[in-house]
Protein chains: 2
Amino acid sequence: MPRGGATAQKSGEEPQDQIRPLADVSALPRSNGGRTRQLNEDRILRAAEAVFAEAGFNGTTMQAIAEAARLPKANLHYYFGTKEGLYRALLNRVLDGWVDAFDHFQPDREPADAFADYVRDKMRFTRQRPMASKVFANEIIHGAQHVSHYLKTKLRDRVDEKAVVIADWVKSGKMASVDPHHLFFSLWAVTQTYADFDVQVAAVLAKPKLGREDLDDATNHILRLVLRTCGLPETRPETGPETGPETGIEHHT
Amino acid sequence: MPRGGATAQKSGEEPQDQIRPLADVSALPRSNGGRTRQLNEDRILRAAEAVFAEAGFNGTTMQAIAEAARLPKANLHYYFGTKEGLYRALLNRVLDGWVDAFDHFQPDREPADAFADYVRDKMRFTRQRPMASKVFANEIIHGAQHVSHYLKTKLRDRVDEKAVVIADWVKSGKMASVDPHHLFFSLWAVTQTYADFDVQVAAVLAKPKLGREDLDDATNHILRLVLRTCGLPETRPETGPETGPETGIEHHT
DNA sequence: AATTTTTTTGACCATTTGGTCAGGTTTTTT
DNA sequence: AAAAAACCTGACCAAATGGTCAAAAAAATT
């Protein structure tokens, strides 16, 4: 936390007594170990994720991000150059956590377990970083101009690779016949819809917003859907125990 | 802005010879039967759908729509007042075709047929009006500020109504146990993903863009997915014959 | 302590954009 | 044909926005 303060980003009105946002600034260390850049970039990216998710690239103003990050606008430009640069940096961050889940599809695994783990991973991402999902969705809807190369190389390769695994499972009779590629599209669609279209889901469910339980229901539904589609046995009853260890992970994002 | 377009949008430079958008104006009828307004509004809405879909609300400029519609910007304001007004008009148009497909879920129907028809309807919409789907998706992702009321009333009511039908099917043993609401979310997700995320799908499939065959494949996959999920028999083999009668319908929208 | 490097920030600017308007043209009505 | 209504549009704003910059404050290095 930079010492800054409430940082009235405009000029003008700032009553002397209200500028003390953090308690006892004087006690904080006078400097960090040269990690200023990293800390600030992270702070900005976090703010940017929220703002870009809500307003899209064009709807987002640098000023809005600056306010969300509690930093002057010029500071963002100091770290990321341009709005586009910041956006790209953010996209990279989001994409990183995207293909990792594919690792669950190993040839020697039990298909049912692989799918179950994959779905749970995806839904965990949906729950923990819905904003990131929205930023990505927005980018794709608007033509994927900044990530098309990534889609056509890294993502496609990864999908093709895992499609073979699934095709082999089908061939060896371990699961019902399903088009692997379209299966992936379906998996992405049904999991990410709870992040991207959360407002719609909540509206239809008559909830003010989606809660943990709603997403657990969704996860169970999706597990059923996938396993049935693949002609696999519906494994664990799926209720409480498995959702345990989530604390400990800082979720301040 | 993206386009480097010709069409000098400022004043100043405009070569005389490029201002002729439609060929042979002199041959057109000198007047229409008082349908000028309707025709122009339609023309503008059609252009707006494409532009809003590609750029989102904030990324869209009235100038861009004007160029797409081949009309001066002031003309749009004449018909729709504000950008917001035009956007709302467009959303209404899109929403109209949204809940109609629900009609397939009639208590006395065979579940398998109802689901199949619903999926085909949805996929037809995806194929014929992908832009409309994107406009809607964009609106929801960004908080559904203009349609939240619609979601919480008309859509919710309609879904609840049909959820009962499905629940009854389940109770009477006509289909496997499935959460009706989440089933709808899944249906929407897997069908609309081929419109909203078409770029991603195309990239993964290594196609320059999605073709008719790709969407047919997708439809068949989704039919399998849905029927298996609901424990229903996979009806027709699904190949050629059923996709026949699509001509005759004007699809210029 | 002096020096160099990094970070911070208010003020400023060029461009873009939604929206207006007055005057003109076309179509419909009388 | 005249009057009224509807439609068209170039020219013009005020506000918003991405980006710049120079000078100063902090931090790291010597």
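To find a chain, count down the sequence lines: A is the first, B the second, and so on, and within it residues start at 1.
In this pair, F105(A) and Y118(A) present their aromatic rings tilted. The plane angle is within the 30 to 60° band. Aromatic ring orientation, W98(B) versus F136(B): tilted (interplanar angle from 30° to 60°).
Whole-Å rounding puts the R70(A) CZ to dT8(C) C1' distance at 17 Å. Going from atom CG of N75(B) over to atom P of dG18(C) covers 16 Å, rounded to whole Å. Following rounding to the nearest Å, L39(B) (CG) and dC7(D) (C1') show an atom-to-atom distance of 13 Å. In this entry the distance linking CD of Q63(B) with C1' of dA11(D) reads 13 Å, nearest Å. As a whole-Å value, the separation of Q38(B) CD from dA6(D) C1' is 16 Å. Counting to the nearest Å, the C1' atom of dC8(D) and the CZ atom of R43(B) are 13 Å from each other. Rounded to whole angstrom, the span from the CZ atom of R35(A) across to the P atom of dT7(C) amounts to 13 Å. Counting to the nearest Å, the P atom of dG18(C) and the OH atom of Y87(B) are 14 Å from each other.
Along DNA chain D, the nucleotide nearest A74(A) and the nucleotide nearest F57(A) are compared for position; the residue whose nucleotide lies closer to the 5' end is F57(A). Comparing L76(A) and K73(A), the nucleotide of DNA chain C nearest to each residue sits closer to the 5' end for L76(A).
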Which pairs of donor and acceptor atoms, one on a side chain in residues 192-202 of chain B, lie under 3.5 Å apart (sequence neighbours left out)?
residue: Y194(B); atom: OH; partner: H182(A); partner atom: ND1; Å: 2.6
residue: D196(B); atom: OD1; partner: S133(B); partner atom: OG; Å: 2.8
residue: D198(B); atom: OD1; partner: K134(B); partner atom: NZ; Å: 3.2

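The NE2 atom of H77(A) sits 11.5 Å away from the CZ atom of F80(A) when rounded to the nearest 0.5 Å.
Closest to the side chain of M62(A), from the set dG18(D), dG10(C), dT17(C), is dG18(D).
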### Task
Applying side-chain contact (heavy atoms from CB on, under 4.5 Å), run through L86(A) and E41(A) and close with a yes or a no.
CA-CA 9 Å; L86(A) 172 52; E41(A) 286 185 350; over 6 Å; no
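A heavy atom closer than 4.0 Å to some atom of DNA chain D occurs in Y78(B), Y79(B), these being the qualifying members of residues 77-86 of chain B.
A donor-acceptor contact shorter than 3.5 Å is absent between the side chain of R127(A) and the backbone of R212(A). Listed for the D42(B) side chain is no donor-acceptor partner under 3.5 Å among the backbone atoms of L39(B).
Between R37(A) and dT6(C), a side-chain N or O to OP1/OP2 separation shorter than 4.0 Å is absent. Between N40(B) and dC8(D) there is a side-chain polar atom (N or O) within less than 4.0 angstrom of OP1 or OP2.
Note that K83(A) lies in the cation-pi zone of F57(A), set by a 6.0 Å cut-off to the ring centre and a 45° limit from the axis.
For H146(A) and Y87(A), the distance between ring centers is under 6.0 angstrom.
Each end of the helix from dA1(C)-dT30(D) to dT30(C)-dA1(D) gets its own rotation axis from five pairs of C1' atoms, and the angle between them is 20° to the nearest 10 degrees.
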